[in-house]
Chemist: 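Quick one: the structure is below, questions incoming.
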Amino acid sequence: MTLAVLSSIAVTLIISSICCLSIYTRKKNKWLSLMIAIAVNTLILTATAIILYKVDRSYFHKHASGVFESLGILAFPFFIPFVTSINLLILELYKIVHMKSIK
(Lines give C-alpha, C1' and ligand atoms only; values in the text may rest on other atoms or scores of the structure.)
Protein backbone atom coordinates (compact mmCIF):
# COMPACT_ATOMS: atom_id res chain seq x y z
CA MET A 1 0.00 0.00 0.00
CA THR A 2 2.93 2.34 0.57
CA LEU A 3 3.84 1.92 -3.09
CA ALA A 4 0.28 2.90 -4.02
CA VAL A 5 0.50 6.04 -1.88
CA LEU A 6 3.87 7.10 -3.29
CA SER A 7 2.90 6.34 -6.87
CA SER A 8 -0.34 8.29 -6.54
CA ILE A 9 1.59 11.28 -5.22
CA ALA A 10 4.06 11.01 -8.13
CA VAL A 11 1.24 10.75 -10.68
CA THR A 12 -0.44 13.75 -9.08
CA LEU A 13 2.78 15.73 -9.39
CA ILE A 14 3.14 14.84 -13.06
CA ILE A 15 -0.48 15.62 -13.97
CA SER A 16 -0.58 18.88 -12.04
CA SER A 17 2.75 19.98 -13.52
CA ILE A 18 1.45 19.36 -17.03
CA CYS A 19 -1.73 21.32 -16.26
CA CYS A 20 0.22 24.12 -14.60
CA LEU A 21 2.65 24.53 -17.49
CA SER A 22 -0.07 24.36 -20.14
CA ILE A 23 -2.12 27.06 -18.40
CA TYR A 24 0.99 29.20 -17.99
CA THR A 25 1.96 28.93 -21.67
CA ARG A 26 -1.56 29.92 -22.74
CA LYS A 27 -2.37 32.68 -20.26
CA LYS A 28 1.09 33.83 -19.04
CA ASN A 29 -0.33 34.13 -15.54
CA LYS A 30 1.68 32.41 -12.80
CA TRP A 31 -0.94 32.69 -10.08
CA LEU A 32 -3.75 31.32 -12.23
CA SER A 33 -1.65 28.33 -13.20
CA LEU A 34 -0.69 27.78 -9.57
CA MET A 35 -4.34 27.89 -8.49
CA ILE A 36 -5.15 25.31 -11.17
CA ALA A 37 -2.30 23.16 -9.81
CA ILE A 38 -3.70 23.40 -6.27
CA ALA A 39 -7.15 22.44 -7.53
CA VAL A 40 -5.80 19.47 -9.49
CA ASN A 41 -3.67 18.33 -6.54
CA THR A 42 -6.60 18.56 -4.16
CA LEU A 43 -8.99 16.79 -6.51
CA ILE A 44 -6.68 13.90 -7.38
CA LEU A 45 -5.29 13.32 -3.89
CA THR A 46 -8.71 13.51 -2.26
CA ALA A 47 -10.18 11.08 -4.80
CA THR A 48 -7.22 8.75 -4.32
CA ALA A 49 -7.62 8.88 -0.54
CA ILE A 50 -11.29 7.98 -0.81
CA ILE A 51 -10.63 5.14 -3.26
CA LEU A 52 -7.75 3.66 -1.26
CA TYR A 53 -9.71 3.98 1.97
CA LYS A 54 -12.59 2.04 0.46
CA VAL A 55 -10.22 -0.63 -0.90
CA ASP A 56 -8.19 -1.26 2.26
CA ARG A 57 -9.56 0.30 5.45
CA SER A 58 -7.36 -1.78 7.71
CA TYR A 59 -4.19 -0.16 6.31
CA PHE A 60 -5.26 3.29 7.43
CA HIS A 61 -6.36 2.20 10.90
CA LYS A 62 -3.43 0.05 11.98
CA HIS A 63 -0.53 1.34 14.03
CA ALA A 64 2.36 1.94 11.62
CA SER A 65 6.00 2.46 12.43
CA GLY A 66 7.16 4.81 9.64
CA VAL A 67 6.89 8.57 9.56
CA PHE A 68 4.54 8.83 6.59
CA GLU A 69 2.86 5.51 7.30
CA SER A 70 1.76 6.74 10.70
CA LEU A 71 -0.22 9.53 8.99
CA GLY A 72 -2.63 6.97 7.58
CA ILE A 73 -5.37 8.56 5.51
CA LEU A 74 -3.96 12.02 6.29
CA ALA A 75 -0.92 11.33 4.10
CA PHE A 76 -2.78 12.60 1.04
CA PRO A 77 -3.86 16.02 2.39
CA PHE A 78 -0.42 16.30 4.01
CA PHE A 79 1.28 16.19 0.60
CA ILE A 80 -0.93 18.78 -1.16
CA PRO A 81 1.26 21.77 -0.13
CA PHE A 82 4.46 19.88 -0.93
CA VAL A 83 3.32 18.91 -4.41
CA THR A 84 2.09 22.47 -5.00
CA SER A 85 5.46 23.87 -3.89
CA ILE A 86 7.21 21.56 -6.32
CA ASN A 87 4.83 22.79 -9.03
CA LEU A 88 5.82 26.36 -8.20
CA LEU A 89 9.50 25.46 -8.49
CA ILE A 90 8.91 23.74 -11.83
CA LEU A 91 7.02 26.80 -13.06
CA GLU A 92 9.81 29.15 -11.99
CA LEU A 93 12.44 26.96 -13.65
CA TYR A 94 10.35 26.89 -16.81
CA LYS A 95 10.16 30.69 -16.79
CA ILE A 96 13.94 31.00 -16.33
CA VAL A 97 14.74 28.53 -19.10
CA HIS A 98 12.15 30.07 -21.39
CA MET A 99 13.53 33.59 -20.81
CA LYS A 100 17.08 32.41 -21.59
CA SER A 101 15.93 30.80 -24.84
CA ILE A 102 14.20 34.02 -25.95
CA LYS A 103 17.33 36.15 -25.47
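In what follows, every heavy atom counts, from backbone to side chain, and hydrogens, waters and symmetry copies are set aside.
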Chemist: Identify the two heavy atoms, one from Ser33 and one from Cys20, that lie closest to each other, and give their separation to 0.1 Å.
Modeler: CB-O, 3.3 Å

Chemist: Report, one line per pair, each donor and acceptor closer than 3.5 Å where one atom sits in a side chain of residues 88-96; sequence neighbours left out.
Modeler:
residue : atom : partner : partner atom : Å
Glu92   : OE2  : Lys30   : NZ           : 3.0

Chemist: Group every Ile, Leu, Val, Met, Phe, Trp and Tyr by side-chain heavy-atom contacts under 4.5 Å, then state whether Leu32 and Val40 land in the same group.
Modeler: yes

Chemist: Grouping I, L, V, M, F, W and Y whenever their side-chain heavy atoms are under 4.5 Å apart, do Ile38 and Ile23 come out in a common cluster?
Modeler: no

Chemist: Which residue in the set Thr46, Val5, Thr42 passes side-chain contact (heavy atoms from CB on, under 4.5 Å) when paired with Phe76?
Modeler: Val5

Chemist: Please say which of Leu13, Ile15, Ile9 ends up in a side-chain contact (heavy atoms from CB on, under 4.5 Å) with Val11.
Modeler: Ile15

Chemist: For Cys19 and Ser22, work out which heavy atoms get closest and say how close.
Modeler: O-OG, 2.9 Å

Chemist: Just so I know, are the side chains of Asn29 and Trp31 near enough to count as touching, which here means a heavy-atom distance under 4.5 Å?
Modeler: yes

Chemist: Taking the side chain as every heavy atom from C-beta outward, state whether Val83 and Ser16 have any atom pair closer than 4.5 Å.
Modeler: yes

Chemist: Tell me the closest heavy-atom pair linking Thr12 and Leu45, and the distance in Å.
Modeler: OG1-CD2, 3.5 Å

Chemist: Between CG of Asn87 and CZ of Phe82, what distance do you get to the nearest 0.5 Å?
Modeler: 13.5 Å

Chemist: With a distance cut-off below 6.0 Å to the six-membered ring centre and an angular limit of 45° from the axis, does Lys27 pair with Tyr24 as a cation-pi contact?
Modeler: no

Chemist: Say you draw a straight line from OG1 of Thr84 to CG of Asn41; how long is it, rounded to the nearest 0.5 Å?
Modeler: 4.0 Å

